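These numbers were taken from a predicted model, which means no experiment stands behind them.
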Amino acid sequence: EAQVTQNPRYLITVTGKKLTVTCSQNMNHEYMSWYRQDPGLGLRQIYYSMNVEVTDKGDVPEGYKVSRKEKRNFPLILESPSPNQTSLYFCASSLWQANNEQFFGPGTRLTVL
Amino acid sequence: AQKVTQAQTEISVVEKEDVTLDCVYETRDTTYYLFWYKQPPSGELVFLIRRNSFDEQNEISGRYSWNFQKSTSSFNFTITASQVVDSAVYFCALSTTSGTYKYIFGTGTRLKVLA
């Protein structure tokens, strides 16, 4: 089954404790992206990747890191999480570039205390 | 700057009414793509439609239709004879392919269809 998976689905952590949210897709997509969804703000792009070893900032990259060592995986790293990073996070992938429909993961609900 | 505006935060209609969700976008690029996604109460994001900047033809898919007008930078979405299952948050999005490859979403419109 074609899908985008994210883990964990729910995470409660404390300020400053490094964490990684994994994202994996099995569709051989080139483009992958991370978004955060906050009430009243819609979805905002954090980082995107055009292909392996090619990443670029979205509109809200501060406080986040990503890597794309393999085509299928695109982890989101919070080196020192803060309460303002409490949010719902979605990973997505599309065939190539940003002009194709995106397939979204189920979301990760992160709470930083 | 690129921007997507969905001015309607929340709309409530009674079942079987028609409803139009507005989307206005801003971009200086000549080549761009517009999308609509649906987020039902269960939380997943579901793709509905993609339209490129060179194709202004309106599209109809069952009870759903989309009206793309470059002259007003709008890409509106109409649901005909709404049903309770249409209750969801609907997002309009814009992507461009010149220089950066960002994906910009609007803030969403929450549609409530009452039985």
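Counting heavy-atom neighbours within 6.0 Å of Lys3(B) NZ, excluding the residue itself, gives a total of 12 or less. Remark: Lys38(B) NZ is packed, more than 12 non-hydrogen atoms of other residues, nucleotides or ligands lying under 6.0 Å away. Within 6.0 Å of the CG atom in Leu113(A), the count of heavy atoms belonging to other residues, nucleotides or ligands exceeds 12. Annotation: Glu10(B), atom CD; neighbour count of heavy atoms from other residues, nucleotides and ligands within 6.0 Å is above 12. For Ile12(A), the CD1 atom is loosely surrounded, since the number of other residues' heavy atoms within 6.0 Å does not exceed 12. Around the CZ atom of Arg63(B), the shell of radius 6.0 Å holds more than 12 heavy atoms that belong to other residues, nucleotides or ligands. In this structure, Arg109(A) places its CZ atom where only 12 or fewer heavy-atom neighbours from other residues, nucleotides or ligands lie under 6.0 Å away. Within a 6.0 Å radius of OH in Tyr10(A), no more than 12 heavy atoms belonging to other residues, nucleotides or ligands are found.
With a 4.5 angstrom heavy-atom cutoff, Gln6(B) does not touch chain A via any of its atoms. With a threshold of 4.5 angstrom between heavy atoms, Ile104(B) approaches chain A through side-chain atoms but not through N, CA, C or O.
Annotation: side chain of Phe90(A) is in contact with side chain of Gln39(B) (closest heavy-atom distance under 4.5 Å).
With rounding to the nearest 0.5 angstrom, the CG atom of Asn100(A) is 5.5 Å from the CZ atom of Arg50(B). How far OH of Tyr31(A) is from OG of Ser95(B): 7.5 Å, rounded to the nearest 0.5 Å. Interatomic distance, Glu101(A) CD to Ile49(B) CD1, rounded to the nearest 0.5 Å: 11.5 Å. If you take OG1 on Thr107(B) and CG on Leu43(A), they are separated by 10.5 Å, rounding to the nearest 0.5 Å.
Using a distance-only test at 3.5 Å, with no hydrogens or angles considered, no donor-acceptor pair links the side chain of Tyr101(B) to the main chain of Met50(A). When atom types are taken as modelled, the side chain of Gln45(A) and the backbone of Tyr103(B) share a donor-acceptor pair closer than 3.5 angstrom. The main-chain N or O of Phe105(B) is never found under 3.5 Å from a side-chain atom of Tyr35(A) such that the two would form a donor-acceptor pair.
Aromatic pair Phe104(A)/Tyr37(B): centroids less than 6.0 angstrom apart.
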